[in-house]
Visitor: 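Dropping a structure here in structure tokens format, bear with me for questions.
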Amino acid sequence: MKTTDNLILKGSILLPGVAVMAMSGTSSCKKAGASEQEGPYNIVYIMTDDHTAQMMSCYDTRYAETPNLDRIANDGVKFVNSYVANSLSGPSRACMLTGKHSHKNGFTDNTTCVFDASQPTFPKYLQEAGYQTALFGKWHLESLPQGFDRWEIVPGQGDYYNPDFIIESGDTIQKQGYLTNLITDMSLNWLENERDKEKPFCILIHHKAIHRNWMADTCHLALYEDKTFPLPENYFDNYEGREAAKTAEMRVADHMDPIYDLKMNRPDKYSDLKARYESYYNRMDSAQKAKWDAFYDPIIEDFYAQNLQGKDLAEWKFQRYMRDYLKTVKSLDENVGRVLDYLEEKDLLKNTLVVYTSDQGFYMGEHGWFDKRFMYEESLNTPLIMHLPEGFNRRGDITQMVQNIDYAPTFLELAGVPVPEDIQGESFLSILKGEDPEDWRDAIYYHFYEYPAEHMVKRHYGVRDDRYKLIHFYNDIDAWELYDLQEDPHEMNNLYGKPGMEEITGRMMEKLRQQQEKYDDPIRHLNQEQRSI
Ligand code: SGN
Ligand code: CA
């Protein structure tokens, strides 16, 4: 790996003093006369799994109440055009760690890839520059973490109850409790008792929540039971004009498992994922099971007695899905509150960047779906809110288009570490400082690979600018889609090939070509002329 000294500078703004501190690995910066606002800055990077912006009250007031997440957004900034490069857990994490698109970091899908942990990542660069680095929670990259002074990860997706953790020796240990609480306990313990307080730190608090199958903590089971949530307008979408959407297997009505996903387990009932549900349920101890059963048993009896069918069943499933998801969000929000309280109490907020994001967005019944993967808005978007250290004056909504490959260079620039030339993301630190860079990107690039696989979403790539989106589904299909997001924000009307769209299609094709060239994606769309060369 390159040392920080011989890296080519990519970011333009280096914070004076911080770089000196970072190289020496001590907090002598302040003593050397730098002001409070010039750092050193710590990074608390909280990431959740499958938490979508619709389910955060700072983004959308229709469903959720997330007072602690709202604290971050209200005191800081909220990105309203924040996107992923590949809407799936492992790939997203690899993009964030490396600052590179999937085809460059090598982790294109969850099912066939193992992250090459020897490649450079932002935690490695920070560590080399004198930061203390730690990671607790979900990792999901198959190989073991590198670049952290301290880590504990859940194997694969992890379990909500009494979960296993892989520890630094490579051994697996089981802990008693609810995963979202445990990850926070471990993180706060590291912050308070384990880290070297003479050094700046970067901690990754990466939750499993709110991943499927949305198992809430027993203390939150009773929440939201009296609420009826409005169905999305396109819950009964028929996918007209969208071939890949028709064959995807992620409809709440048809593919959400009543036992595994919605917890309607009874000895006389069977479903495809019943055994998986029971393996999760059986991790609970008898006290946890007693609370679980006391809550679910009457709902299960009522559900089977009603024998719902068709639309009624589809609507019932939606309501249960929403309730389970929001109960699981509740733990997350409370635990983020614990982290914020700790940072406040220890007077760390003034020099700490607190980031809250998710590995991607998620469908909450839009298009009739759960899950993610598609380049459509709900799963291309990912929430991104930040509490900024003193001296960073930007507040409120940020409208510039950012992508998860931008986090690594932003963190490096904040730490005064030169951004290596091969990082593909752009640091948005200047935006956090209140600047409005004139040459900021006007489009983002996306590429999804995991097919054939669970949920059967076909491979696709595409480009999105501030108004239009062009997508090409390929592999065992050759289908194009074009959306006018201003006129059709829910992407119901595929304009590709429609009369009058020639000019816009040509313009978006050119943008796609530019993006694929810029990021050097080996799987590119070639037009007729290029193909014959
Ligand atoms: C699991 C889930 C899928 C989900 C993937 C990827 N199935 O396989 O529904 O799409 O994870 O999610 S489950 O039956 O195991 O719950 S990701 O966020 O980790 O990429
Ligand atoms: Ca995820």
Side-chain angles (χ1 to χ4, degrees), residues 46-55 82-97 102 107-115 137-142 153-161 163 179-180 204 206-215 248-252 254-263 265 271-281 283 317 321 324-325 328-329 332 356-365 369-376 378-384 404 446-459:
I46 306 172
M47 187 160 77
T48 48
D49 197 304
D50 295 356
H51 193 192
T52 192
Q54 307 93 291
M55 297 291 122
S82 152
Y83 306 102
V84 293
N86 181 355
S87 187
L88 204 61
S89 167
S92 262
R93 290 161 208 274
C95 288
M96 289 172 192
L97 287 166
S102 305
F107 202 98
T108 51
D109 66 75
N110 282 341
T111 42
T112 67
C113 298
V114 175
F115 185 66
K138 188 170 174 182
W139 175 244
H140 207 200
L141 288 170
E142 301 304 322
I153 57 169
V154 295
Q157 298 284 5
D159 287 297
Y160 279 110
Y161 278 91
L179 182 56
T180 311
L204 278 55
H206 285 192
H207 290 282
K208 170 204 173 68
I210 316 132
H211 194 274
R212 195 180 178 190
N213 63 342
W214 319 292
M215 287 175 80
E249 296 176 358
M250 47 194 259
R251 285 191 295 282
V252 177
D254 305 314
H255 306 108
M256 192 173 265
D257 191 284
I259 294 179
Y260 171 68
D261 290 309
L262 302 175
K263 294 86 184 171
N265 197 22
S271 75
D272 290 349
L273 298 177
K274 180 181 171 96
R276 171 118 33 114
Y277 173 77
E278 290 186 341
S279 74
Y280 291 170
Y281 173 84
R283 295 191 73 89
K317 285 175 103 175
Y321 170 38
D324 287 359
Y325 188 99
T328 313
V329 168
L332 205 54
Y356 182 90
T357 186
S358 173
D359 62 346
Q360 13 67 207
F362 211 69
Y363 296 94
M364 299 305 304
W369 288 333
F370 63 104
D371 215 65
K372 51 263 176 175
R373 299 162 191 267
F374 277 104
M375 199 197 166
Y376 301 133
E378 289 82 358
S379 50
L380 173 64
N381 268 293
T382 198
L384 181 62
N404 53 1
Y446 182 85
H447 198 153
F448 174 81
Y449 303 78
E450 196 180 89
Y451 179 87
E454 201 176 2
H455 303 299
M456 296 301 275
V457 175
K458 301 207 187 259
R459 295 181 194 195

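Atoms considered below: every heavy atom in the structure, side chains included; atoms not considered: hydrogens, waters and symmetry mates. Atoms within a ligand are numbered from 1 in the order they appear, just like the ligands themselves.
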Visitor: Which heavy atom in Phe362 sits nearest to a heavy atom in Tyr325, and how many Å separate them?
Guide: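 Closest pair (atom of Phe362, atom of Tyr325, distance): CD2-CE1, 4.1 Å.
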Visitor: Show which atoms of ligand 1 fall inside a sub-4.0 Å distance from at least one heavy-atom site of Gln360.
Guide: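 Here the atoms of ligand 1 in question are 18 (O).
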Visitor: Please confirm whether the ring centroid of Tyr356 lies under 6.0 Å from the ring centroid of His207.
Guide: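 No.
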Visitor: Is the backbone of Gly361 close enough, under 3.5 Å, to the side chain of Gln54 for a donor and an acceptor to pair up by distance?
Guide: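 Between the backbone of Gly361 and the side chain of Gln54 there is no qualifying donor-acceptor contact (under 3.5 Å).
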Visitor: Quick one, Lys138 and Ser89 - any side-chain contact, counting heavy atoms below 4.5 Å?
Guide: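 Yes. Closest side-chain heavy atoms under 4.5 Å.
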Visitor: So does Asp50 pair up with Lys372, basic N to acidic O under 4.0 Å?
Guide: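 A salt bridge links Asp50 with Lys372.
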Visitor: Does the plane of the ring in Trp214 sit parallel, tilted or perpendicular to the ring in Tyr321? Use 30° and 60° as the thresholds.
Guide: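 Aromatic pair Trp214/Tyr321 classed tilted.
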Visitor: Using distance alone, decide if ligand 1 has a nitrogen or oxygen within less than 3.5 Å of any nitrogen or oxygen in Asn213.
Guide: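 Among all N and O atoms of Asn213, none is under 3.5 Å from an N or O of ligand 1.
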Visitor: Can you name the atoms of ligand 1, numbered from 1 with element, that are less than 4.0 Å from a heavy atom of Lys138?
Guide: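 The atoms of ligand 1 under 4.0 Å from a heavy atom of Lys138 are 19 (O).
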Visitor: Contact between Tyr260 and ligand 1, counting heavy atoms under 4.0 Å?
Guide: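 Yes; Tyr260 lies near enough to ligand 1 that a heavy-atom distance drops under 4.0 Å.
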Visitor: Within the 4.0 Å heavy-atom shell around His140, which atoms of ligand 1 are there?
Guide: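 Those qualifying, in numeric order: 19 (O).
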Visitor: Report yes or no: is the cationic atom of Lys263 (NZ for Lys, CZ for Arg) closer than 6.0 Å to the six-membered ring centre of Tyr277, at no more than 45° off its axis?
Guide: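 The answer is no; the distance or angle limit is not met.
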Visitor: Cation-pi check for Tyr161 against Arg283: NZ or CZ below 6.0 Å from the six-membered ring centre and within 45 degrees of the axis, yes or no?
Guide: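 Cation-pi check for Arg283 and Tyr161: fails.
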Visitor: Run the numbers for me: atoms of ligand 1, each under 4.0 Å from some heavy atom of Arg373, listed by number.
Guide: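 Per the distance check, 4 (C), 5 (C), 6 (C), 10 (O).
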Visitor: Check each atom of ligand 1 against the heavy atoms of Asp359 and keep those under 4.0 Å away; list them by number with element.
Guide: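 Listed by number with element: 18 (O).
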Visitor: Where on Asn110 is there a heavy atom closer than 4.0 Å to ligand 1, on the side chain, on the backbone, on both, or on neither?
Guide: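 The answer is the side chain.
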Visitor: If you take all heavy atoms of Met215 and Tyr280, which pair is closest and at what distance?
Guide: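 Closest pair (atom of Met215, atom of Tyr280, distance): SD-CB, 3.8 Å.
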Visitor: Please name the pair of heavy atoms, one in Leu273 and one in Asp257, separated by the smallest distance, quoted to 0.1 Å.
Guide: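 Residues Leu273 and Asp257, closest heavy atoms: N-OD2, 3.2 Å.
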Visitor: Please could you name the atoms of ligand 1 that Asp49 approaches to less than 4.0 Å, counting only its heavy atoms?
Guide: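 Ligand 1 atoms under the 4.0 Å threshold to Asp49: 18 (O).
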Visitor: Counting heavy atoms only, which part of Arg93 comes closer than 4.0 Å to ligand 1: side chain, backbone, both or neither?
Guide: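 Neither; nothing of Arg93 gets under 4.0 Å from ligand 1.
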Visitor: Between Asp49 and Arg93, does any side-chain N to carboxylate O distance fall below 4.0 Å?
Guide: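 Looking at Asp49 and Arg93, the cut-off is met.
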Visitor: Just which atoms of ligand 1 are under 4.0 Å from any heavy atom in Ser89?
Guide: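 Those atoms are 17 (S), 18 (O), 19 (O), 20 (O).
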Visitor: Taking all non-hydrogen atoms of both residues, which atom of Pro163 and which atom of Asp159 are closest, and how far apart?
Guide: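 Between these two residues, the closest heavy atoms are CB-O, 3.2 Å.
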Visitor: Using a 3.5 Å cut-off on N or O atoms only, is Tyr280 in polar contact with ligand 1?
Guide: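 Min N/O separation from ligand 1 is not below 3.5 Å for Tyr280.
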Visitor: With a cut-off of 3.0 Å, which protein N/O/S atoms are close to the Ca ion (ligand 2), if we only count those under it?
Guide: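 N, O, S partners closer than 3.0 Å: Asp49 OD1, Asp50 OD1, Asp359 OD1, Asp359 OD2, Gln360 OE1.
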Visitor: Please work out which of Arg276, Met250, Gln157, Arg212 has its closest non-hydrogen atom nearest to atom 14 (O) of ligand 1.
Guide: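 Considering heavy atoms of Arg276, Met250, Gln157, Arg212, the nearest to atom 14 (O) of ligand 1 sits in Arg276.
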